[in-house]
Q: 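Before I ask anything, let me first share the structure, which is written out below as structure tokens.
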Amino acid sequence: MNYSTHNTLLYVENLSVAYGDKTVIKDINFVEKDVIRENNVTGQVVAVVGRSGRGKSTLFRAMTGLIKPTTGKILIADTTTGIENDAKEVQEGDIGFVDQKYTLFRNKTVYQALQFALRKKDISKEEKHNTIMTYLADWGLEKAKDQYPCELSGGQRQRTAVIEQILCSGHYMVLDEPFSGLDVGNIEDVKKAFNLITSSHEFNTIIYSTHDIELAVELADSIYVIGYPTIDGKRKEYGTIVKHVDMKELDLAWKDFGLDHIEVVKQIKATMLNS
């Protein structure tokens, strides 16, 4: 499938995070570029997989500016300047972060929460209302707009949390285990949500972790495996990228899950078992 890559959207160099004398992740390097396909708005979907305790959540917290890296830097495209390949260091709030609990304001309705998410946007009250209503319609939440979090289903809470982050942070979105504990119907909802995000803007980039390797291989166009590396025959006790699978290069991105995808799942599982 024809595609080309342009502006760098995400650049992570020599990233490490240590708490005291315990290094959690180290030597993390990767670059994700804007993927262009003809006659198709194509955002980027990046999956991060690895065994429990290998540092995925720590990586996400560093990438979203919630913790300061011990070394290294994380740059994202500065889409506000209009200058190609202009980059800036990530600050808290630049990248939306949806944790596993889909934390929402208990005392705000869905509509009020989205209003609050737009508080810093320099647009009229009417434009804010129209933006919110469009998202609610697109994401199947119109009927839930005046409900509080305690009245929502898990899937509705998650969709509200995702829209909230899109509205306040722009093109980048990190989701920690968005599929965990969901039933089949909710998983389909999340897949649709991914599609809505990536088809609405070229720069929109979703980075998510999952324990479901099939879902990583089915949905992502780039997959990073985080594990403990073996160096000079010794396994280290910190997480780093031990494998990168570019589904675009394999001509498997944006295609229905098939036998070739199953082969990639097996390779990733083998890498995880050894790391």
Side-chain angles (χ1 to χ4, degrees), residues 1-15 25-51 54-56 59-60 62-63 72-77 85 87 95 171-179 191 194-195 197-199 201-230 239-275:
M1 200 171 282
N2 279 345
Y3 73 94
S4 55
T5 54
H6 293 259
N7 288 11
T8 297
L9 293 181
L10 181 62
Y11 178 86
V12 178
E13 181 185 64
N14 193 24
L15 183 73
I25 52 173
K26 187 179 170 185
D27 300 334
I28 303 244
N29 296 280
F30 64 92
V31 176
E32 286 296 327
K33 290 180 176 287
D34 179 19
V35 177
I36 305 285
R37 285 158 73 207
E38 248 180 76
N39 309 321
N40 216 314
V41 176
T42 306
Q44 294 58 234
V45 181
V46 179
V48 178
V49 298
R51 289 161 68 182
R54 295 304 191 260
K56 297 188 296 294
L59 170 63
F60 281 0
M63 281 173 63
K73 57 184 173 189
I74 302 157
L75 303 176
I76 56 171
N85 276 326
I95 294 182
H171 295 301
Y172 297 88
M173 171 79 41
V174 165
L175 298 107
D176 198 3
E177 293 287 344
F179 299 102
K191 287 185 191 175
F194 275 27
N195 205 23
I197 294 168
T198 54
S199 60
H201 199 290
E202 213 44 72
F203 287 170
N204 282 0
T205 303
I206 295 171
I207 303 138
Y208 70 105
S209 61
T210 179
H211 283 294
D212 188 325
I213 310 307
E214 282 84 357
L215 278 171
V217 170
E218 178 187 349
L219 299 174
D221 40 85
S222 182
I223 303 168
Y224 294 94
V225 184
I226 289 198
Y228 290 164
T230 299
T240 195
I241 293 170
V242 290
K243 186 181 181 71
H244 176 222
V245 180
D246 189 332
M247 299 296 283
K248 304 180 294 294
E249 273 181 15
L250 295 174
D251 197 23
L252 293 175
W254 319 297
K255 288 190 172 168
D256 288 339
F257 193 87
L259 289 173
D260 291 337
H261 292 81
I262 291 169
E263 204 41 57
V264 176
V265 170
K266 285 182 190 162
Q267 289 169 19
I268 289 174
K269 283 184 175 171
T271 302
M272 282 168 63
L273 279 173
N274 291 320
S275 62

Q: Is F203 close to N7 at the side-chain level, that is, under 4.5 Å between some pair of heavy atoms?
A: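 Heavy-atom side-chain distance check passes, below 4.5 Å.
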
Q: Could you tell me the separation between the NE2 atom of H244 and the CG atom of N29, rounded to the nearest 0.5 Å?
A: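 Taking NE2 in H244 and CG in N29, the distance rounds to 12.5 Å.
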
Q: So which atom in E202 and which in N40 form the shortest heavy-atom distance, rounded to 0.1 Å?
A: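 For E202 and N40, the tightest heavy-atom pair comes out as OE1-O, 3.9 Å.
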
Q: Is the side chain of Y172 donor-acceptor paired with the backbone N or O of L9 at a distance under 3.5 Å, no angle test?
A: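 Pair found, side chain donor or acceptor close to backbone of L9.
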
Q: Side chains of T8 and K33: is there a donor and an acceptor less than 3.5 Å apart?
A: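 Note: T8 and K33 side chains meet the donor-acceptor criterion.
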
Q: Using modelled atom types and a 3.5 Å cut-off, is there a donor and acceptor pairing between side-chain atoms of R37 and backbone atoms of N2?
A: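 Checking the backbone N and O of N2 against the side chain of R37, no donor-acceptor pair under 3.5 Å is found.
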
Q: Side-chain contact test, heavy atoms from C-beta onward, threshold under 4.5 Å: evaluate it for I36 versus T5 and give yes or no.
A: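 In short, these two side chains do not touch, never coming nearer than 4.5 Å.
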
Q: Taking the side chain as C-beta and beyond, is there a heavy-atom pair between V41 and N204 under 4.5 Å?
A: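 V41 does not reach N204 side chain to side chain.
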
Q: How close do L15 and A62 get, heavy atom to heavy atom, and via which atoms?
A: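 Here L15 and A62 meet closest at CD2-CB, 4.4 Å.
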
Q: Distance check, rounded to the nearest 0.5 Å: D34 atom CG versus H201 atom NE2?
A: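 If we round to the nearest 0.5 Å, D34:CG and H201:NE2 are 9.0 Å apart.
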
Q: As a quick check of understanding, evaluate side-chain contact (heavy atoms from CB on, under 4.5 Å) for I226 and V242, giving each step before the final call.
A: CA-CA 6 Å; I226 289 198; V242 290; over 6 Å; no

Q: Would you say the side-chain atoms of Q44 pair up with the backbone N or O of V35, donor to acceptor, closer than 3.5 Å?
A: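 Answer holds: yes.
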
Q: For residues K243 and Q267, determine if any side-chain heavy atom of one lies less than 4.5 Å from a side-chain heavy atom of the other.
A: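 The answer is yes; the side chains approach within 4.5 Å.
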
Q: Side-chain contact test, heavy atoms from C-beta onward, threshold under 4.5 Å: evaluate it for I95 versus M173 and give yes or no.
A: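 They are not in side-chain contact.
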
Q: Would you check if the side chain of T230 reaches a backbone N or O of Y228 as a donor-acceptor pair within less than 3.5 Å?
A: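 A pair under 3.5 Å: no.
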
Q: Could you tell me whether the side chain of L10 reaches within less than 4.5 Å of the side chain of M63, counting heavy atoms only?
A: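 In short, these two side chains touch, coming nearer than 4.5 Å.
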
Q: Could you check if a side-chain atom of I206 sits within less than 4.5 angstrom of a side-chain atom of T198, using non-hydrogen atoms only?
A: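 I206 reaches T198 side chain to side chain.
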
Q: Could you tell me the separation between the CH2 atom of W254 and the CG atom of L219, rounded to the nearest 0.5 Å?
A: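 That separation rounds to 13.5 Å.
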
Q: Are the side chain of T210 and the backbone of D212 linked by a donor-acceptor contact shorter than 3.5 Å?
A: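 It does hold such a pair.
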
Q: Where is the tightest heavy-atom contact between D246 and D221, given as atom of each residue plus distance?
A: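 What the structure gives for the nearest pair is OD1-O, 3.5 Å.
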
Q: For the atom pair CD (E249) and OG (S222), what is the distance rounded to the nearest 0.5 Å?
A: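 Going from the CD atom of E249 to the OG atom of S222 covers 9.5 Å.
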
Q: Applying salt bridge (Lys or Arg N to Asp or Glu O under 4.0 Å), run through E218 and K255 and close with a yes or a no.
A: CA-CA 8 Å; E218 178 187 349; K255 288 190 172 168; over 6 Å; no

Q: Does N274 use its side chain to pair, donor to acceptor, with the backbone of A270 at less than 3.5 Å?
A: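 Answer holds: yes.
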
Q: Is V264 close to L250 at the side-chain level, that is, under 4.5 Å between some pair of heavy atoms?
A: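 Counting from C-beta outward, L250 and V264 do come under 4.5 Å.
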
Q: Run Y224 and V49 through side-chain contact (heavy atoms from CB on, under 4.5 Å) and show every step you take.
A: CA-CA 6 Å; Y224 294 94; V49 298; over 6 Å; no

Q: Could you walk me through whether I268 and I223 pass the side-chain contact (heavy atoms from CB on, under 4.5 Å) test, one step at a time?
A: CA-CA 9 Å; I268 289 174; I223 303 168; 4.0 Å; yes

Q: So D27 and T240, side chain to side chain donor-acceptor pair (under 3.5 Å) or not? Walk me through it.
A: CA-CA 6 Å; D27 300 334; T240 195; 5.5 Å; no

Q: Which heavy atom of S209 sits nearest a heavy atom of P178, and at what distance?
A: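 So the minimum-distance heavy-atom pair works out to O-CD, 3.2 Å.
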
Q: Hey, do the aromatic rings of Y208 and F194 have their centres closer than 6.0 Å?
A: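 Yes - the distance between ring centres of Y208 and F194 falls below the 6.0 Å cut-off.
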
Q: To the nearest 0.5 Å, what is the distance between CD1 on I207 and NZ on K56?
A: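 One gets 15.0 Å once the value is rounded to the nearest 0.5 Å.
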
Q: So, for D256 and H261, which heavy atoms are closest and what is the spacing to 0.1 Å?
A: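 Looking at all heavy atoms of both residues, the shortest contact is O-CE1, 3.2 Å.
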
Q: Could you state the interatomic distance from CD1 (I25) to CG (L59), rounded to the nearest 0.5 Å?
A: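 Rounded to the nearest 0.5 Å, the CD1-CG separation comes out at 5.0 Å.
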
